[in-house]
2 protein chains.
Amino acid sequence: MDLDMRKMRILQAIIDDYIMTATPVGSRTISKLPDISLSSATIRNEMSDLEEMGYLEQPHTSAGRVPSEKAYRLYVNSIMQRAELTEAEKRFIKNCYSNTLDEVDEIVRQTAWVLSSMSKYTSMVLKPALTAVRIKHIQLVPVSDGRALAVVVTDMGVTRDTLINVPRGMSYQQLERVSRILTARLQGCPIRDVASVNIPELQADLNSQREFLNNALAALHKTFDDGPGGVQLSGATNMLNYPEYSDMSKARSFLAAIETKDVLYKILTEAADVEFSIKIGQENQEKDIQDCSVVTAVYKVGGSAVGTLGVIGPVRMDYARVLALMRHIGKSVSEVLTNLMEEER
Amino acid sequence: MDLDMRKMRILQAIIDDYIMTATPVGSRTISKLPDISLSSATIRNEMSDLEEMGYLEQPHTSAGRVPSEKAYRLYVNSIMQRAELTEAEKRFIKNCYSNTLDEVDEIVRQTAWVLSSMSKYTSMVLKPALTAVRIKHIQLVPVSDGRALAVVVTDMGVTRDTLINVPRGMSYQQLERVSRILTARLQGCPIRDVASVNIPELQADLNSQREFLNNALAALHKTFDDGPGGVQLSGATNMLNYPEYSDMSKARSFLAAIETKDVLYKILTEAADVEFSIKIGQENQEKDIQDCSVVTAVYKVGGSAVGTLGVIGPVRMDYARVLALMRHIGKSVSEVLTNLMEEER
DNA sequence: GGTTAGCACTCAAATGCATCGAGTGCTAAC
DNA sequence: GTTAGCACTCGATGCATTTGAGTGCTAACC
């Protein structure tokens, strides 16, 4: 018993229907479709085969059939056809980025919003990882004796600062000098490489406390990593509109999973190196969301991936549409960010 | 028909019971209480009176009675007695602040967590408003021609920065000079007054673009206002444990209300000038949360109020306990923040 | 061979109906 | 003023019945 074209076509029809209605699909529903000219009895036979092959499941004897996760996997791999957004939708996305979005956070928030409101699922966007961003300028600002604020300006217009300890008694002029040397040495250096840079001319100044520089650079490095706080969530309540979450306990477990963003952060960072990723139900490592599906995509700045965006929805999510949205929105946010970066450079 | 002591006592018993059980309270339940030696018939008569007076409501004829919002108002105003936390609870709170909490954000997050996990409701904490914080140091860091980063260090260890436009062609030395003058002039000045300070010696430097300074100061001022982003939320899913939210549509409207933090921000900022505030159901201005109650309190740094914390829960919330928690946690966070600030000063 | 009409069968959901019981209001007696 | 007693209300609970969408199987058909 093999999965011939006709079975494929029927499975597709079942999945398409189930994605729309969330109710088990009966044989008559399929046989009535205009491009399937088979009686319900034939469909029943095929469905029976598909069930035996593990693509369909029956909630109970006298109900219709429901696609299994295996079916969805097949669907996204082979059956599903690429969907395109309408012109109006593309315009809509474009409009969302046309306003004055001059801050990374603002762009990330807006992206999450567009994605959730167009998909009607819950969306999440991970802020750009700034490890690839290059240092433009470093300035140590004295705060009190023994403490200074290290300010880093990068080529993406992003600035970060962190309080660091400096050797007590260090003068304003000395700090200035260190700033100048650091800037000269680290200019153009990507954040991720900061720790490994060697700055011989400072060894003399800091002989007594050679830890200082390493600590400072490590602290700096850390401020560029937002952690779970770098996850922007949107449309969490959209999920409650789907019948699969009308059961309170399921709704609660979903909401609990996204309340602390740790799980989402983990998912998004792990997906940082694949263009598109689709995890269906049990394929997700995280217990709490094993009856959801997660679709992620990366977005880029100047050609290299810097962040991830994702949609989390019911397993019967409209994968084709979500992928189309992600392609388009991913491209848009990539462009906007790249422009922002060039402008600042 | 007046509200004599006995009626008060009965109303209190009804409210106490309803807060615990969330089910309409019958006359027998009350008459069986050890310190009420009246028959259920007598209680019924009293209940009938209380209903006529608007303190009780009947879901339907053969159900018990439920306190009205008017009753809760009376309860918090006159009936409720001050509750105290147990020693163990006080210790618990203390422990929560004993770890290395060296950042304001960390303290705020921790506070929200303690408050929600001890109250079992949803909690929110507004970050300290930094308008009262005093400037310690200002440094302009050149970024590119015409742009600089203005870094402000305050006496609370909080630093903020913002990109500003500076007159093109301004030299590094000039920026240095401006920094020094600004620091000298603004040192000790609370953020809120920054805009109104006059700095005559800079007029000469900036004659050609006298807008520059004002814009820069305004931009700075703005970075100290977190807006809705300054609301830390915790325990949102706690609410789903209460039967009043087992109705999906109510749960959804609550979750929608807190998803964007705008509403909460509004509530918390408006409550910034009252030590404790209790809003019961319809007393809340915001439509979305009119079947919740909101209790807020301010916390202080060095004696003056800088932020607000709040609990949002069902109208039948345990007001006495929540107030006790808020008193205690409010005091704790005030102390921790005050210490942090002194240390940095 | 594959396809289909027909039919018995299944089972969740809806419907109808009687019962139960927690609660009330009222009245008469204490 | 308080209380025992009693009729009454009405949602909740339980149970039997019906309904209907769906299945599987078989026999006939092309």
Side-chain angles (χ1 to χ4, degrees), chain A residues 1-11 13-15 17-18 20-68 71 243-244 246-247, chain B residues 1-11 13-15 17-18 20-68 71 243-244 246-247:
Chain A
M1 185 164 48
D2 65 328
L3 202 60
D4 54 19
M5 277 315 288
R6 197 171 74 174
K7 281 195 174 56
M8 283 273 209
R9 180 67 196 87
I10 291 172
L11 187 54
I14 293 172
I15 295 178
D17 187 275
Y18 190 71
M20 296 286 293
T21 66
T23 52
V25 186
S27 53
R28 284 207 67 208
T29 318
I30 302 302
S31 79
K32 271 187 295 190
L33 290 177
D35 65 332
I36 294 196
S37 34
L38 293 168
S39 76
S40 64
T42 311
I43 303 292
R44 273 204 291 285
N45 289 332
E46 295 288 41
M47 279 176 149
S48 178
D49 290 353
L50 285 167
E51 182 171 0
E52 209 175 315
M53 295 163 81
Y55 293 111
L56 292 180
E57 285 162 3
Q58 246 180 328
H60 56 264
T61 343
S62 73
R65 255 99 171 185
V66 165
S68 68
E244 24 272 274
S246 60
D247 172 13
Chain B
M1 188 165 45
D2 64 328
L3 202 59
D4 54 21
M5 278 314 289
R6 197 171 75 175
K7 282 196 172 58
M8 282 273 210
R9 180 68 197 86
I10 291 172
L11 187 55
I14 294 172
I15 295 178
D17 187 274
Y18 189 72
M20 297 285 293
T21 66
T23 52
V25 185
S27 51
R28 283 206 66 208
T29 319
I30 302 302
S31 78
K32 270 187 295 191
L33 290 178
D35 64 331
I36 294 195
S37 35
L38 292 170
S39 76
S40 64
T42 311
I43 303 292
R44 273 202 292 285
N45 288 332
E46 296 288 42
M47 279 175 147
S48 177
D49 290 352
L50 285 167
E51 182 170 1
E52 210 174 314
M53 294 161 83
Y55 292 111
L56 293 178
E57 285 162 3
Q58 245 180 328
H60 57 263
T61 344
S62 72
R65 255 99 169 185
V66 165
S68 68
E244 24 272 274
S246 60
D247 172 12

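Please read these numbers as outputs of a predicted model, since none were measured by experiment. Below, chains carry the letters A, B, ... as their sequence lines are ordered, and counting in each starts from 1.
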**Q** Rounded to whole Å, how long is the line connecting atom CZ of A/R28 with atom P of D/dG20?
**A**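 In whole Å, D/dG20 P lies 14 Å from A/R28 CZ.
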**Q** Can you tell me which nucleotide in C/dT4, C/dC7, D/dT3 comes closest to the side chain of A/A41?
**A**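 Looking only at side-chain atoms, A/A41 lies closest to C/dT4.
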**Q** Do the non-hydrogen side-chain atoms of B/S48 and B/R44 ever get within less than 4.5 Å of each other?
**A**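 In short, these two side chains do not touch, never coming nearer than 4.5 Å.
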**Q** Can you tell me which nucleotide in C/dT3, D/dG24, C/dG25 comes closest to the side chain of B/R65?
**A**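 For B/R65, the side-chain atoms sit closest to C/dG25.
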**Q** As a quick check of understanding, evaluate side chain to side chain contact (heavy atoms under 4.5 Å, CB included) for A/I36 and A/I43, giving each step before the final call.
**A** CA-CA 10 Å; A/I36 294 196; A/I43 303 292; 4.0 Å; yes
**Q** Given atom CG of A/D49 and atom C1' of D/dG24, what is their separation to the nearest angstrom?
**A**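 After rounding, the reported distance stands at 13 Å.
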**Q** Within this structure, what is the CZ-to-C1' distance between A/R6 and C/dG2, rounded to whole angstrom?
**A**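 Rounded to whole Å, this separation is 8 Å.
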**Q** Atom CG of A/L50 and atom C1' of D/dG24: how far apart are they, to the nearest Å?
**A**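 Between C1' of D/dG24 and CG of A/L50: 16 Å.
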**Q** Could you please spell out the steps behind the side chain to side chain contact (heavy atoms under 4.5 Å, CB included) verdict for A/D49 and A/L3?
**A** CA-CA 9 Å; A/D49 290 353; A/L3 202 60; over 6 Å; no
**Q** Would the number of heavy atoms belonging to other residues, nucleotides or ligands and lying under 6.0 Å from CZ of A/R9 be above 12?
**A**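 Atom CZ in A/R9 is crowded, with more than 12 foreign heavy atoms closer than 6.0 Å.
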**Q** Pick the closest DNA chain C nucleotide for B/G64 and for B/N45 by heavy atoms, then say which residue is nearer the 5' end.
**A**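 Result: B/G64.
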**Q** OP1 or OP2 of D/dT3 less than 4.0 angstrom from a side-chain nitrogen or oxygen of B/S39, does that happen here?
**A**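 It does, given that an N or O in the side chain of B/S39 lies less than 4.0 Å from OP1 or OP2 of D/dT3.
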**Q** Rounded to whole Å, how long is the line connecting atom CD of B/Q58 with atom C1' of D/dC10?
**A**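 Taking atom C1' of D/dC10 as the reference, CD of B/Q58 is at 11 Å.
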**Q** For B/S37 and for B/H60, find the nucleotide of DNA chain D with the closest heavy atom, then tell me which residue's nucleotide is more 5'.
**A**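 Nearer the 5' end of the strand: B/S37.
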**Q** Set out, in order, the CA-CA distance, both residues' side-chain angles and the distance that settles side chain to side chain contact (heavy atoms under 4.5 Å, CB included) for A/I30 and A/E46, then state yes or no.
**A** CA-CA 11 Å; A/I30 302 302; A/E46 295 288 41; over 6 Å; no
**Q** How close or far is atom C1' of C/dT24 from atom CD1 of B/I14, stated in whole angstroms?
**A**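 Result: 14 Å.
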**Q** Just call it for B/T42: base, sugar-phosphate, or nothing, with non-hydrogen atoms closer than 4.0 Å on any strand.
**A**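 Touches a base.
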**Q** Is A/S27 close enough to D/dT23 that one of its side-chain N or O atoms is under 4.0 Å from OP1 or OP2 there?
**A**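 A/S27 to D/dT23 OP1/OP2: side-chain N or O found under 4.0 Å.
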**Q** Take the protein atom CZ of A/R44 and the nucleotide atom C1' of D/dG22, then report the distance between them rounded to whole Å.
**A**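 The answer, rounded to whole Å, is 8 Å.
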**Q** Figure out the CG/C1' separation between A/L56 and D/dG22, and round it to whole Å.
**A**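 Taking atom C1' of D/dG22 as the reference, CG of A/L56 is at 14 Å.
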**Q** Would you kindly compare B/T29 and A/S62 by the position of their nearest DNA chain C nucleotide and give the one closer to the 5′ end?
**A**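 Taking each residue's closest nucleotide, the earlier one in sequence belongs to A/S62.
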